[in-house]
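See below for the structure under consideration.
Just so it is clear, the values below take in all heavy atoms, side chains as well, and ignore hydrogens, waters and symmetry mates.
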Amino acid sequence: MSLNDAHADKPRKSSSTLTLQTVERALTVLEFVASADTPPKVAGLASHLGLNVTTCYHLTNTLIQTGYLVKDDSGLFRIGPRIAFLYRGMMRDFDPARDLQGVLNDFSRRSGETAYLTSLTEFGVVVNLLAEGTHSVRVSGISIGFSGSEHIRASGRAAIAFTDEEARQRILDQATAHMKASQRKAVLKEIPLKLDEIRARGWAIDDEEYEESVCCIAAPYFFPDGAVAGSLAASIPAQRFHAHEDTLILAVRDAAATVSELLGWHGPRTGAP
């Protein structure tokens with residue numbers, strides 16, 4: 001038994017609370033297996049997590065026995081069925097109006113800007129939660145239930161950029177249906193490049209394209225399986241946005257990542273899984 005193993009359950013100080021190192025390590029193993037591109041083996045777990053192999057065997061054997069991990073005949077680890085029990089418990093008590101509204105309220109309180117949360121539906125990107133800004137000059141007029149113009153709105157682009165081609169095309173067809181044929185053709189030709197850029201950087205911008213003197217920043221948020229669920233956006237007077245652009249973009253992306261985590265997705269906090 002290694003020194004690390006001998007003291008694995010010794011309580012230790014973490015921030016302002018005492019924690020058990022073994023529990024922390026077990027949770028880290030679960031998160032790594034859940035987020036790995038390919039199922040890992042014990043040597044890969046030990047290497048990536050900085051643990052010795054013996055410790056990894058103890059952790060994984062315990063997680064297998066309790067149903068939180070499974071190991072196939074080739075030694076590859078996958079998330080076990082017991083995780084679904086925890087997820088059902090989380091979703092049973094999950095209240096979007098309470099839990100996600102709090103993220104918007106916190107963003108608006110700290111930034112002073114109007115923020116809103118959209119959901120990706122079959123035929124559009126719909127505003128479903130809203131927090132009014134506190135600045136004396138702020139963007140207003142956004143309403144719950146609003147959708148349309150997804151090819152222009154940052155909140156629309158941020159969501160459709162991460163969905164599949166069929167769903168994206170269906171939404172774009174509806175959003176541009178009112179245009180003249182030549183204008184519609186130009187928009188549909190141009191939008192794929194813009195969506196590629198959004199996927200690459202993890203956020204979208206509408207720089208006075210939808211409404212004069214107003215800029216909008218949006219970032220996607222995701223379901224636990226990595227599918228895009230919608231976007232979190234902030235609408236800001238253009239002059240103030242350009243004075244604080246980097247800070248506002250970072251704040252929107254961070255808030256969107258928090259929403260993803262509340263829904264159960266725990267990828268890197270960079271906007272996209």
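- A salt bridge links R110 with D106: at least one charged nitrogen is closer than 4.0 Å to a carboxylate oxygen.
- Closest approach of I79 to V33, counting heavy atoms only: N-CG1, 3.9 Å.
- Side-chain N/O atoms of R184 and T176 include a donor and acceptor closer than 3.5 Å.
- A side-chain donor-acceptor contact under 3.5 Å links N52 and T55.
- The shortest side-chain heavy-atom distance between S147 and V125 does not fall under the 4.5 Å cut-off.
- Looking at I198 and W203, their side chains never come closer than 4.5 Å, going by heavy atoms from C-beta outward.
- Minimum interatomic distance between A115 and F107 (heavy atoms only, all atoms of both residues): CB-CD2, 3.6 Å.
- The aromatic rings of W265 and F222 sit tilted relative to each other, their planes meeting at an angle between 30° and 60°.
- Side chains of E132 and L130 form a contact here, defined as non-hydrogen atoms less than 4.5 Å apart.
- Between the side chains of Q169 and D173, a donor-acceptor pair is found at a separation under 3.5 Å.
- Side chains of S155 and T118: no donor on one and acceptor on the other come within 3.5 Å.
- A side-chain hydrogen bond (donor to acceptor under 3.5 Å, both in side chains) check over residues 238-247, counting only residues at least two apart or in different chains, returns the pairs E113-R240, D207-H242.
- Contact check for L45 versus S47: no side-chain heavy atoms found under the 4.5 Å cut-off.
- Each of E209, E150, E190, E197 was compared with R157 under the salt bridge (charged side-chain N to carboxylate O under 4.0 Å, His left out) criterion, and only E209 meets it.
- Heavy atoms only, all atoms of each residue included: F77 and K41 are closest at CE1-C, 3.9 Å.
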